[in-house]
Amino acid sequence: MKAPQAAVVATLPPTAAPTMTPIRPPVVLTIIPPPVQQGVELPPVAAVAQTGLAPADVWPAASASEGNLPEATLTAAFVAAPTATATATPGPTFTPPASPTATGWEHLWLGRPVSSDTAVWTNKVYPYGSTRGGTLRPHHGVEFDVPSGTPIYAVAAGTVRVAGDDSLVAYGETTNFYGNLVVIELDYQMNGQPIFTLFGHLSELQVSVGQHVEAQTPIALSGASGVADGPHLHFEVRVGQNSYQATRNPLLWLYPFPGRGVAAGRVTWPDGTLAHEVPVSLRRLDAPSAYAATTTYAEGDLNGDDNWQENFALDDVTAGYYELTVGGSNHPIKTTFWVYPYQTSFVEVVLKGGE
């Protein structure tokens with residue numbers, strides 16, 4: 001892999017109007033050279049630090065064990081935990097935003113598929129596009145680390161297109177891949193294309209093909225069917241067709257938690273080719289915050305968003321001013337940008353380097 005040496009540009013492209021007014025309007029950041037600029041005026045900490053969530057840098061140990069992930073591994077990614085209030089009958093995490101329009105850059109339209117008394121945060125160790133350090137196949141979705149038997153909910157209104165197992169039809173890489181699964185075609189489209197949400201590795205199905213469901217309707221129970229190496233929910237977004245080759249990163253679709261947004265970007269070489277599996281991390285500069293890290297997408301039939309054309313994304317990032325580091329310890333790139341609440345903040349980085 002080429003060794004990155006210098007960042008060329010970081011930008012925030014235009015987006016659709018956010019759900020809430022951002023700290024300040026999106027700006028274009030032209031940062032050459034990459035180190036943090038001196039004299040940059042930061043917003044008041046209170047304006048970006050009020051998240052409505054309890055401060056935490058890692059999940060509690062119990063949550064780590066339930067998710068079959070070593071707690072030490074979790075500390076290497078952004079896995080802050082919300083304060084959950086248990087109720088007699090747990091429901092979905094929140095009411096998603098109203099049905100969107102058919103066009104626009106922003107599409108943070110979907111609720112969480114699990115309830116607030118469980119692991120509502122997406123797994124940070126094996127995100128979309130990751131191979132988990134070369135140990136697994138490129139990931140076409142995201143995971144929620146919930147125990148077997150956890151109620152699973154529709155993330156938006158739509159019609160059930162698949163409800164069964166994949167022993168005869170390959171909805172993934174092969175047959176017997178997701179095991180028991182549900183696929184829902186949403187009631188709305190993106191730029192004229194249908195949108196499908198897939199829920200895999202289920203233990204029990206609670207809907208049938210052709211059934212119309214509303215957002216937050218219980219549809220299944222989680223499990224470990226198919227190729228799952230332990231109980232969890234595998235969740236995908238597919239655009240255009242219900243195909244393994246049509247997936248998009250769900251982190252650009254799931255509505256953020258209070259005071260948080262999505263940081264996404266595109267890392268390329270000077271000739272425009274994508275830089276694969278390059279480490280990316282965020283460090284907040286204007287206030288304390290949990291560490292956030294991922295890698296750019298691996299090679300394969302993975303897709304950037306139709307508009308953003310990103311090759312990395314980090315979800316539920318607390319709004320604020322961040323230093324972005326791209327690359328490993330030998331030749332890291334550092335640049336700065338803002339993450340705005342309830343919207344996608346985008347950065348483009350062009351690498352320069354030898355073989």
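Computed from a prediction, not measured in an experiment: that's the story for all the values here.
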Please determine whether residues V280 and L274 belong to a single hydrophobic cluster, defined as Ile, Leu, Val, Met, Phe, Trp and Tyr linked transitively by side-chain heavy-atom distances below 4.5 Å.
no

I would like to know whether L282 and E323 meet side-chain contact (heavy atoms from CB on, under 4.5 Å); could you show each step before the answer?
CA-CA 6 Å; L282 290 179; E323 178 182 71; over 6 Å; no

Let me confirm one number: the OG1-CG distance from T294 to N249, rounded to the nearest 0.5 Å.
8.5 Å

Can you tell me how far the CZ atom of R266 sits from the CG atom of D305, to the nearest 0.5 Å?
11.5 Å

Closest approach of V339 and A263, non-hydrogen atoms and distance?
CG2-CB, 4.1 Å

Distance-only, no hydrogens or angles: does the Q211 side chain make a donor-acceptor pair with backbone N or O of S208 under 3.5 Å?
yes

Restricting to non-hydrogen atoms, name the atom on D187 and the atom on H212 that form the minimum distance, rounded to 0.1 Å.
OD2-NE2, 2.9 Å

Between W308 and F346 (judged by ring centroids, cut-off 6.0 Å), do the two rings come close enough to count as a pair?
yes

State, with a plain yes or no, whether a side-chain heavy atom of V160 is found less than 4.5 Å away from one of V213.
yes

Here the gap from D316 atom CG to L251 atom CG, rounded to the nearest 0.5 Å, amounts to 8.5 Å

Determine the interplanar angle of the F257 and W121 rings, folded into 0 to 90°, and report it as parallel if under 30°, tilted if 30 to 60°, perpendicular if over 60°.
tilted

Among all residues two or more places apart in sequence or in another chain, which pass the side chain to side chain contact (heavy atoms under 4.5 Å, CB included) test with N242?
V162, Y171, V183, F196, R238

Please round to the nearest 0.5 Å and tell me the distance separating atom OG of S148 and atom CG of L233.
11.5 Å

In terms of heavy-atom contacts, does CD of Q245 have more than 12 from other residues, nucleotides or ligands at under 6.0 Å?
yes

Are V207 and L186 connected in the hydrophobic side-chain network, where two residues link if heavy atoms are under 4.5 Å apart?
yes

Do N180 and E204 pair up side chain to side chain, a donor and an acceptor below 3.5 Å, judged on atom types alone?
no

In terms of hydrophobic clusters joined by side-chain contacts under 4.5 Å, are Y188 and V239 together?
yes

Y128 and Y297: aromatic ring centres closer than 6.0 Å?
yes

Can a donor-acceptor pair be found between the side chains of H276 and N311 at a distance below 3.5 Å?
no

N/O donor-acceptor pair under 3.5 Å between R283 side chain and S281 backbone:
no

Quick check: does any side chain N or O of S222 sit under 3.5 Å from a backbone N or O of P147, one acting as donor and the other as acceptor?
yes

Least distance between heavy atoms, T135 atom then R132 atom:
OG1-O, 2.7 Å

Please lay out, stage by stage, how V278 and V326 fare under the test side-chain contact (heavy atoms from CB on, under 4.5 Å).
CA-CA 7 Å; V278 176; V326 179; 3.6 Å; yes

Quiz question: by atom type and distance under 3.5 Å, do the side chains of T131 and E277 form a donor-acceptor pair?
yes

Are the side chains of T247 and V237 in contact, using a 4.5 Å heavy-atom criterion?
no

Any idea how Y244 and F177 line up, ring-wise: parallel (<30°), tilted (30 to 60°), or perpendicular (>60°)?
perpendicular

Looking at A319, is its backbone amide N or carbonyl O close enough to the side chain of R284 to form a donor-acceptor pair, meaning the two atoms are under 3.5 Å apart?
yes

Compare all side-chain heavy atoms of E143 with those of F235 and state whether any distance is below 4.5 angstrom.
no

Whether the side chain of T336 engages the backbone of Y322 through a donor-acceptor N/O pair (distance < 3.5 Å, no angle test) should be reported.
no

Does the side-chain contact (heavy atoms from CB on, under 4.5 Å) test come out yes or no for I333 and V349, once each step is laid out?
CA-CA 9 Å; I333 294 167; V349 177; 4.3 Å; yes

According to a hydrophobic-cluster definition based on side-chain heavy atoms being under 4.5 Å apart (Ile, Leu, Val, Met, Phe, Trp, Tyr only), do L181 and I195 belong together?
no

Quick one: are H232 and F144 in side-chain contact, heavy atoms under 4.5 Å?
no

How would you list, by chain and number, every residue that makes a ring-ring contact (aromatic ring centres under 6.0 Å, His included) with H234, sequence neighbours excluded?
H139, Y178, H201

Pair T217, Y153: side-chain N/O donor-acceptor within cut-off below 3.5 Å
no

First locate atom OG1 of T118, then atom CG of D145, and finally report the distance between them rounded to the nearest 0.5 Å.
9.0 Å

Would you say D166's side chain and G179's backbone share a donor-acceptor pair under 3.5 angstrom?
yes

Do T122 and L254 touch side chain to side chain, with heavy atoms closer than 4.5 Å?
yes

Considering all heavy atoms, the nearest L205-G164 contact
CD1-N, 3.1 Å

With a 3.5 Å cut-off and no angle check, do the side chains of N307 and H107 form a donor-acceptor pair?
no

A side-chain contact here means heavy atoms from C-beta on lying under 4.5 Å apart; do D315 and R260 qualify?
no

Given 3.5 Å as the limit, does a donor-acceptor pair link the side chain of T335 with the main chain of L324, or not?
no

Are R161 and T197 close enough, and set up right, to give a side-chain contact (heavy atoms from CB on, under 4.5 Å), and what steps lead you there?
CA-CA 10 Å; R161 298 304 184 196; T197 54; over 6 Å; no

Please give me the minimum heavy-atom distance between L221 and I152, naming the atom from each residue.
C-CG1, 4.1 Å

How about L314 and K124: do any of their side-chain heavy atoms sit closer than 4.5 Å?
no

Just verifying a value: how many Å separate Y321 OH and L285 CG, rounded to the nearest 0.5 Å?
6.5 Å

Students often mix this up, so state it plainly: with edges at 30° and 60°, are the rings of W109 and W253 parallel, tilted or perpendicular?
perpendicular

Are V267 and L351 side-chain neighbours, meaning at least one heavy-atom pair lies under 4.5 Å?
yes

Is there a path of hydrophobic side-chain contacts, each under 4.5 Å between heavy atoms of I/L/V/M/F/W/Y residues, joining L252 to L198?
no

Nearest heavy-atom approach of S167 to T175 is O-CB, 3.7 Å

